[in-house]
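Heads up: numbering here begins at 1 and tracks the sequence.
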Amino acid sequence: MLNYLSVTYKCAREKYIMKDSVKYYMVREKAIPEVLLKVVEAKGLLESEKADTIQEAVDAVGISRSSFYKYKDDIFEFHDNARGTTITLTMQMDDEPGLLSDVLKIIAEFGGNILTIHQSIPINGVASLSISIQVLQTAGDVARMMQELESRRGVHHVMILAKE
């Protein structure tokens with residue numbers, strides 16, 4: 001059985017075309033640098049509560065805390081059984097009329113079922129959004145959905161916060 005990890009990668013060339021664009025890749029585990037695999041392992045120790053602190057987790061896997069913090073938001077395990085699960089996304093959005101509606105439309109186009117939405121009061125023209133989505137069996141590619149969300153003008157820093 002092949003193991004895959006999903007890696008976010010800021011493409012320098014596209015940065016000039018679309019500011020802060022993020023591409024998602026599916027990569028075989030053997031092609032990923034060891035430090036990134038250890039970051040995933042450390043995150044697993046923290047999530048399973050086998051390590052109480054980040055320091056304990058990084059010591060257990062043999063990486064530095066700075067490596068953990070550098071990559072923790074950019075690598076996560078890919079589960080091909082994501083359909084039928086719930087994911088929670090977080091993002092920042094500009095305070096623009098209709099932007100939340102556009103975000104919800106993108107999710108609907110990919111077949112996601114919205115379970116909860118929490119939007120903070122905008123501060124300095126930017127609001128934080130947390131949204132839980134049921135990924136149905138008929139849903140489209142979640143990585144493409146996230147790419148679509150982040151490419152929407154006014155949406156920033158789309159990230160998977162949790163997966164159940």
Quiz item: Are any non-hydrogen side-chain atoms of Ile32 and Ile75 less than 4.5 angstrom apart?
Solution: yes
Quiz item: In Å, rounded to the nearest 0.5 Å, how long is the span from NE2 of His118 to OG1 of Thr90?
Solution: 10.5 Å
Quiz item: Can you name the side-chain hydrogen bond (donor to acceptor under 3.5 Å, both in side chains) partners of Ser64, sequence neighbours left out?
Solution: Ser66, Ser67
Quiz prompt | Heavy-atom side-chain proximity of Asp94 to Val126 below 4.5 angstrom | solution = yes
Quiz item: Could you state the interatomic distance from CD (Gln134) to CD1 (Ile114), rounded to the nearest 0.5 Å?
Solution: 11.5 Å
Exercise. Please round to the nearest 0.5 Å and tell me the distance separating atom CD1 of Ile160 and atom CD1 of Ile87.
Key: 5.0 Å
Quiz item: Which is it for Ile117 and Leu104 under the side-chain contact (heavy atoms from CB on, under 4.5 Å) test, yes or no, and what are the steps along the way?
Solution: CA-CA 10 Å; Ile117 301 171; Leu104 299 178; 3.7 Å; yes
Quiz item: Are a donor atom and an acceptor atom from the side chains of Ser132 and Thr88 found within less than 3.5 Å of each other?
Solution: yes
Quiz item: Can you hop from Leu115 to Val158 via hydrophobic side chains spaced under 4.5 Å?
Solution: no
Quiz prompt | Atom of Ala60, atom of Leu45 and distance for their closest heavy-atom approach | solution = CB-CD1, 3.8 Å
Practice problem: Output the distance between atom NE2 (His157) and atom CG (Leu89), rounded to the nearest 0.5 Å. | Solution: 15.0 Å
Quiz item: Do you know which two heavy atoms are closest between Ser120 and Ala127, and how far apart they sit?
Solution: O-CB, 3.5 Å
Self-check item: Nearest heavy atoms of Val61 and Lys38, plus distance in Å
Solution: O-NZ, 2.8 Å
Quiz item: Out of curiosity, Asp59 CG to Ile54 CD1, how far, rounded to the nearest 0.5 Å?
Solution: 12.0 Å
Exercise. Mind listing the closest non-hydrogen atom pair of His156 and Glu150 along with its distance?
Key: C-OE2, 4.3 Å
Self-check item: Exercise: identify the closest heavy-atom pair between Leu149 and Met91
Solution: CD1-CE, 4.3 Å
Quiz item: Quick one: CE on Met145 to CD1 on Ile107, what's the gap to the nearest 0.5 Å?
Solution: 5.5 Å
Quiz item: Please, which pairs that meet salt bridge (Lys or Arg N to Asp or Glu O under 4.0 Å) have at least one residue in residues 43-58, sequence neighbours excluded?
Solution: none
Quiz prompt | Test item: Arg152 and Leu99 side chains (from C-beta on) under 4.5 Å apart, heavy atoms | solution = yes
Quiz prompt | Heavy-atom closest pair, residues Leu46 and Ala51 | solution = CD2-O, 3.7 Å
Practice problem: Answer yes or no: is there a side-chain heavy-atom contact under 4.5 Å between Glu96 and Arg153? | Solution: yes
Exercise. Determine whether Ile63 and Tyr71 make a side-chain contact, defined as any pair of heavy atoms from C-beta on separated by less than 4.5 Å.
Key: no
